[in-house]
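Worth saying up front: this structure is predicted, and the values here are computed from it rather than measured. Heads up: numbering here begins at 1 and tracks the sequence.
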Amino acid sequence: MAVLQDGRNDIEQQTDGQPWVLKADRLTKRYGSGCSYCSVLIDPDHGNRCPVCGTVIACADVSFTLGRGEVLGIVGESGSGKSTLMQIMNLSLPVDEGELLFQEMDSQGHASAGPVNLLTLDKYARRVFRNERLGIVYQRPELGLNMNFTVGGNVAEKLLLANWRNVGRIRERTSELMRLTELSPERIDDDPKKFSGGMLQRVQIAKALSSSPVVLLLDEVTTGLDLSVQARVLDLIKQLRWELHMTMLLVSHDLGVIKQLAERTIVMKNGRVVESGLTDQILEDPQHPYTQLLVSSAL
Ligand SMILES: Nc1ncnc2c1ncn2[C@@H]1O[C@H](COP(=O)(O)OP(=O)(O)O)[C@@H](O)[C@H]1O
Ligand SMILES: [Mg+2]
Ligand SMILES: [Zn+2]
C-alpha cells in the first residue's frame, strides 16, 4: 500500500491479476468559475473551497483501476466527493479533466477491442452505455426509482431504455429479479410507496441489475437503514457478488460496510484520494492521518 503522491496511487496497478474493466485517470470536477488563486488557496488538508471565488473542488485527480469481478470500496466522510465520483462513473456528470476508460470483454474475459474513453461518448452513446452496461443504486430510493411507477414499471423503464421490447419478457425478467433480491414477485404491480426502506433498496438493486450491467455502482445504499435491515441488504450484495461475480464500486462513509465487501479501498478527503490499497491493510495499518482518524472513530 502506498500513500498518495500527487494524485497517483498504487491501486492503479493492482487488480489482483484480473483484467481491468474500468480505469479512472485523474478525474476532476469543480463547481465554480475558478480564479487565479484557486490552485494556491485550495488546501486539501483544510477544505475544498477557494476562499476568493468560492469554487468547490468536488473531486480532483482521482485515479483507480477496477478489475473484473472486483468490489472496490470508496470511503470518506460527508462532502469528500464520493457521490460526485459515482455520478461521473454513471456518465451523468461531465468532468473538467480526466479520462474514464472502459475495456470491453468477451465471454472468456479477454479484451475484445481497445479501451474506450467513456467521457468522450456523445449524449446518445452515453445514455445507451448507462442503460445497458451500468446499474446504480442510491442512498435515497427516490433518486433511483420513480415513486409513481409500480415496481414492474420501474424495472421496465430501465429495460425499455436498454432496448427490451417484449412486455412478457420484461415482466418475466422483473419477477426473476424480484426473487433474486428476495422480494415477492406477487408485488410486481405495487407502488414503491408501500415498501419499507430495506425493500426499496432491493427494488433499486433489482432495477439496477435488470440489464445485466457490467458494473454496479452503489452509493451509500445501507446508510440510514436500521442495523438489522442494513445487515440484510449487505448480505444480498455479498450474495450477488458470489453468484453473479458482479463488478462493483461501493461507496460508503462507513468503514464497517467497506470492510465486509471490498477487497481494495480508496480513501477520499476533500475530493482527493489520500490513501489506497488492500482494505485489510488500510484498516490494520492506516498510513494517512485522515485514515487513522476514520479507522479509530470506527472502532
Ligand atoms: N451541484 C453542486 N454545486 C456545488 N457544489 C457541489 C455540488 N454537488 C456537490 N458539491 C460539493 O462537492 C463536494 C463533494 O460532494 P459529494 O460528492 O456529494 O460528497 P460525498 O458524497 O462524499 O458526501 C461537497 O463539498 C459538496 O458540497
Ligand atoms: Mg454522497
Ligand atoms: Zn478561486
Requested in this report: Could you walk me through whether E104 and R133 pass side-chain contact (heavy atoms from CB on, under 4.5 Å), step by step?
Outcome: CA-CA 10 Å; E104 187 86 60; R133 309 302 185 83; 3.0 Å; yes

Requested in this report: Please assess Q103 against K23 for the test side-chain hydrogen bond (donor to acceptor under 3.5 Å, both in side chains), listing each intermediate value before the final yes or no.
Outcome: CA-CA 8 Å; Q103 179 63 69; K23 196 174 276 200; over 6 Å; no

Requested in this report: Report the C-alpha separation of M89 and L100 in whole Å, then their side-chain angles, then the decisive distance to 0.1 Å, and conclude whether the side-chain contact (heavy atoms from CB on, under 4.5 Å) test is met.
Outcome: CA-CA 8 Å; M89 304 308 289; L100 180 58; 3.5 Å; yes

Report task. Given side-chain contact (heavy atoms from CB on, under 4.5 Å), test S92 with R130 step by step and report yes or no. Result -> CA-CA 9 Å; S92 42; R130 183 189 309 127; 4.1 Å; yes

Requested in this report: Dump the intermediate steps for salt bridge (charged side-chain N to carboxylate O under 4.0 Å, His left out) on R26 and D96, then the final yes or no.
Outcome: CA-CA 10 Å; R26 296 180 171 258; D96 293 299; over 6 Å; no

Report task. Mind running side-chain contact (heavy atoms from CB on, under 4.5 Å) on T84 and L93 for me, showing each step along the way? Result -> CA-CA 8 Å; T84 300; L93 187 68; 3.8 Å; yes

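V233 approaches G198 most closely through the heavy-atom pair CG2-O, 4.2 Å. Considering every non-hydrogen atom in both A208 and P213, the closest pair reads O-CG, 3.3 Å. For K29 against V95, the heavy-atom pair with the smallest separation is CD-CA, 4.5 Å. Annotation for V21 and G67: closest pair CG2-C, 4.1 Å, computed over non-hydrogen atoms. Listed here is the closest heavy atom pair of L101 and P115: CB-CB, 4.3 Å.
Contact of the S212 side chain with the R173 side chain is registered, since non-hydrogen atoms from C-beta on lie closer than 4.5 Å.
Here the side chain of S175 pairs a donor or acceptor atom with the backbone of R171 at under 3.5 angstrom. Put simply, the side chain of E243 never gets that close to the backbone of R241: no donor and acceptor are under 3.5 Å apart. T55 contributes a side-chain N or O that, together with a main-chain N or O of G34, makes up a donor-acceptor pair within less than 3.5 Å.
A 6.0 Å sphere centred on NZ of K123 holds no more than 12 heavy atoms belonging to other residues, nucleotides or ligands. In R126, the CZ atom is crowded: over 12 heavy atoms of neighbouring residues, nucleotides or ligands sit closer than 6.0 Å.
Within the cation-pi definition used here (under 6.0 Å to the ring centroid, within 45° of the axis), R187 qualifies as a partner of F195. In this structure, R169 forms a cation-pi arrangement with W164, its terminal cationic atom sitting closer than 6.0 Å to the ring centre and no more than 45° off the ring axis.
Follow the hydrophobic side-chain contacts under 4.5 Å out from V155 and you reach V221 in the same cluster. Linking Ile, Leu, Val, Met, Phe, Trp and Tyr residues whenever their side-chain heavy atoms come within less than 4.5 Å leaves L209 and V128 in two separate clusters. In the hydrophobic cluster analysis, where Ile, Leu, Val, Met, Phe, Trp and Tyr join through side-chain heavy atoms closer than 4.5 angstrom, V214 is grouped together with L121. Under the 4.5 Å side-chain heavy-atom criterion for ILVMFWY residues, a single connected hydrophobic cluster contains both L225 and I205. M268 and I57 fall into different hydrophobic clusters, where Ile, Leu, Val, Met, Phe, Trp and Tyr side chains are chained together by heavy-atom contacts under 4.5 Å.
For the atom pair R127 CZ and E132 CD, the distance stands at 10.5 Å (nearest 0.5 Å).
Partner of I74 under the side chain to side chain contact (heavy atoms under 4.5 Å, CB included) criterion, chosen from V62, L85, T265: L85. With T279 as reference, I258 is the one residue of V71, V75, I258, L255 to meet the side chain to side chain contact (heavy atoms under 4.5 Å, CB included) rule.
Using a cut-off of 4.0 Å between Lys/Arg side-chain N and Asp/Glu carboxylate O, D280 and R264 are scored as not salt-bridged.
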Donor-acceptor pairs are to be reported for all side-chain atoms of residues 139-147 against protein atoms at under 3.5 Å, with residues two or more places apart or in another chain.
residue	atom	partner	partner atom	Å
R140	NE	E142	OE2	3.3
N146	OD1	N148	N	2.8

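Side-chain contact annotation: S83 with D219, donor-acceptor N/O pair under 3.5 Å present.
Listed by first and then second residue, the side-chain hydrogen bond (donor to acceptor under 3.5 Å, both in side chains) pairs that reach into residues 198-209 are E157-K207, Q201-Q204, sequence neighbours excluded.
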